[in-house]
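Structure first, then comments.
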2 protein chains.
Amino acid sequence: MDKQTITIYDVAREASVSMATVSRVVNGNPNVKPSTRKKVLEVIDRLDYRPNAVARGLASKKTTTVGVIIPDVTNVFFASLARGIDDIATMYKYNIILANSDQNENKEIQVLNTLLAKQVDGIIYMGNKITDELRAEFSRSKTPVVLAGTVDPDQQVGSVNIDYIAAAENVISKLIEGGRKNIAFVTPPLANPINGQYRLKGYKNALLSSGIAFNEEFVFESKAKVNPGENMATHLIEKGIDAAYVTDDELAIGLLNGVINAGVRVPEDFEIITSNNSKIVEMARPKLSSIMLPLYDIGAVAMRLLTKIMNKEEIDEKTITLPYKVAYRGTTVKQED
Amino acid sequence: MDKQTITIYDVAREASVSMATVSRVVNGNPNVKPSTRKKVLEVIDRLDYRPNAVARGLASKKTTTVGVIIPDVTNVFFASLARGIDDIATMYKYNIILANSDQNENKEIQVLNTLLAKQVDGIIYMGNKITDELRAEFSRSKTPVVLAGTVDPDQQVGSVNIDYIAAAENVISKLIEGGRKNIAFVTPPLANPINGQYRLKGYKNALLSSGIAFNEEFVFESKAKVNPGENMATHLIEKGIDAAYVTDDELAIGLLNGVINAGVRVPEDFEIITSNNSKIVEMARPKLSSIMLPLYDIGAVAMRLLTKIMNKEEIDEKTITLPYKVAYRGTTVKQED
DNA sequence: TTGAAAGCGCTAACAG
DNA sequence: CTGTTAGCGCTTTCAA
C-alpha cells in the first residue's frame, strides 16, 4: 500500500482540535492560543505533515506560482533575466513555471493558455513582438502580466526596460566622436521593436546629430548566434565598415572573432560595442565593450512589480525604465567613460 | 465585478447534460455519444470554458507538472539540460517548475519540500553531490526522482549521464600520445563526484597507462567562472604545464584567454580540451576542443525516463549512460578523431 | 451512454 | 480563541 498521505484532518484529530485551528497555525494566524499552537506544531512535526498546496490553491484561489514565458533558457540574455525573476519570486514565496516559447506565436498562445489553466497568480513575459492575439489574451484574463526586457508600444501591461534609444544613441555618438564614420548596425531580426524601432532610432539619431547620412546598407540583420556573426565579418570589412554597434552579445562575439580572423585589428581599425553585457562579454578577447543592461535587475524588478500587482498594491508607474551604464573594454578605443 | 469564472457546471447546464458528461468529453473519454460530444464541445467553445487544472489536480491527484532543481539557470551547461527537459516535458503535456538551488544544501532541501507540497508528479534534479539528507528526502516521498547530468554513487534513483571516466581517459591519452607530459587537471570543486571521482579517475588512468606519475600539484581547483580561469593561466605556465584537461567550459575559455594573453601559443605550446561542448566552445578563438557531452539529450532522456516512471511503465535500466564523441577543434594539435 | 453523488485537502466565513 | 460548515472545480465510482 501507499504510505497514507496525512491530511490536516489527521493532525486535527491527533491534536484534539478542529481542522480550522490547524489551518490557522499552518497559516500563521495570530488568533491561536500559544499552548494550542505548540501542541499542533508538535503533532505536525511528529506526523511529518505537509500542507497540500493544490488543495490550498483550490480553496484560496491562489497558487503562489507565476508563469514565466521565455524564448529560450539557453540564451544567456534571457537566462539572466530568469534568474532575477526566480530569486525575487522565491523571496516572496512564489514558484515559477518556466516555459520556452522559441518566440513562436502559436507556442506562446498555447503556453499562455496552459499557464492560465494552471491558475498561475501572474505571468512574466519575455519575448519579441507582442502580437495582437497575444495582447488580446492578456487583457481577456484578469491574471496580471508584466513584460521583462520586452517592450509593448501600447503599454497596456507592466514592463521593465531601459531607455534603449538613448543608450544606443549614446554609445554610437561616442564612436563618431572617436572618428568613426562607417558604423554598422548589426542585429537579430528587426521585427523585435527593441531593435527595429528603439535601438535603430538611437543609431539614426546619433548619425543625424553628426550630420552623417543614414545608409541602409550598413544595417545587418542576422540570427542571434555566434557563427552568423563570424561569417558576416568579411562582408562588413569589404564594405569599409570601421565600427559596429551590435544588439546581441552572441552575434557580437562572433563578429569580433571573425574580424580578428580576417586580420583586422580591434579596436585600432575596427571597434565593436554590444548591448547586453551578459557574461559573454568577458569570454571575448579582447573583452567586449558594452551597454550595461542590468539583466538580473530587469528580471528582479519585473517580478517585484508583479508581486505588487498581484497584491493589489498601489503602483505609481507600471512602465519602469531602469538606469544603465556603459562599460568600455577592449573592443573600443575609448576605455573609460 | 470580476468576470465570473465559468466552470464545468455552467457548461453542463448550458448543454443540458451532467457535469460528468462534460468531464468525459474534456478528458477524451470515448464513452460519449458523438452528438452529445459535439453539443458539449460547442458550449465549451461558446462559453470559452477552460478547465481548472488545480481542481483537476486535487481530484485526480496528478498535477502534470514536474519540479526541476537546477543549480543556476544562468549556467549554460545546466540551461542546456533544462531546455531538453522542458521540450520533452511539453511533448508529454507536463510543465516544469524551475527552482534555482545554487548547489546550496539548505536551499535544495527547502526547494524540494515546496515542490512536494505543490504535489509535482516527479522531480528532475541537477546538481552536485547528493547529500545524505537529500537522499533521505528522495526516498521518503513516493514522488519519482531522476538525476540529469548528476551522479549518485548509490544509484538509488534514476539518472542519465555519460561515462565520464572513459571520456576523460580517452582525451587525456590522446594528449599524451601527442607528446604532452605535463597535463593539468583543471576543475571546479572536486566535491562533485563527477569531477572528484569520475573524471579525475580517468585522468589518473590515462597517466598510469602511459607510465606518467600522478602529480597532485597539477590538479587545479577553482570556481566555474571565466575570470578565475584567466587568472590561473600564468600560474600553470610557471609550473611548466603544456596541456590542460578542463571540466568546465567557462573555466576553459578563461584559461585559454589567459594563456594566450601570456604570449603562449595555443595549441602549439599549450593544448586545452574541455568537457561540456556547450555553446561557449565556439565563442572561443581558437574554438575549444571538447568532449561532446550531449547536453540537450541528457535532459531530454532524463525527462523521458521520468515520464515512464510516473506512468509506472517497465524500466529496463534506470541508470542510463549515453554515448559521447570528441570534437577536436582549434585548441588541440590533433584536429580530427 | 449518462447521471448522481461522494470526495480530493484545504480556506474562510460565521457563530459562539 | 476555537469549532462548524460550506464550498473551491473537478474526477470517479456506482447505478441506471
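Below, read A as the first sequence line, B as the second, and so on, with proteins coming before strands; counting in each chain starts at 1.
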Heavy-atom closest pair, residues [X] and [Y]:
X	Y	answer
B:Val157	B:Val145	CB-O, 3.6 Å
B:Ile162	B:Pro323	CG2-O, 4.3 Å
A:Asn75	A:Phe77	OD1-N, 2.8 Å
B:Thr150	B:Met126	OG1-CA, 3.4 Å

Within the pair [X] and [N], is there a side-chain N or O less than 4.0 Å away from OP1 or OP2?
X	N	answer
A:Thr21	D:dG3	yes
A:Thr7	C:dC8	no
B:Lys61	D:dC10	no
B:Ser18	C:dA4	no

Can you tell me the distance, in whole Å, between the [atom1] atom of [X] and the [atom2] atom of [N]?
X	N	atom1	atom2	result
B:Ile6	D:dC8	CD1	C1'	15 Å
A:Leu58	D:dC8	CG	C1'	4 Å
A:Ile44	C:dC10	CD1	C1'	13 Å
B:Tyr9	C:dA5	OH	P	11 Å

remark   = Readout for nucleotides 11-16 of chain D: B = base within 4.0 Å of protein heavy atom, S = sugar-phosphate only, - = neither; 5' to 3' it is BB----
ask   = Would you call B:Glu105 and B:Lys129 a salt bridge, taking side-chain N to carboxylate O under 4.0 Å as the test?
value = no
task = Would you indicate which nucleotide in D:dT2, C:dG3, C:dG9 comes nearest to any side-chain atom of A:Thr36?
result = D:dT2
query = Using a cut-off of 4.0 Å on non-hydrogen atoms, how would the nucleic acid contact of B:Asn31 be classed: base, sugar-phosphate, or nothing?
reply = base
query = Do B:Asp154 and B:Gln156 have a side chain donor and acceptor closer than 3.5 Å?
reply =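 Side chains of B:Asp154 and B:Gln156: no pair found under 3.5 Å.
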5' priority, DNA chain C, between B:Arg37 and A:Asn52 [closest heavy atom] =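 Going by which nucleotide is closer to the 5' end, it is B:Arg37.
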request  = Walk me through it: do A:Val160 and A:Leu147 pass the test side-chain contact (heavy atoms from CB on, under 4.5 Å)?
outcome  = CA-CA 6 Å; A:Val160 181; A:Leu147 310 180; over 6 Å; no
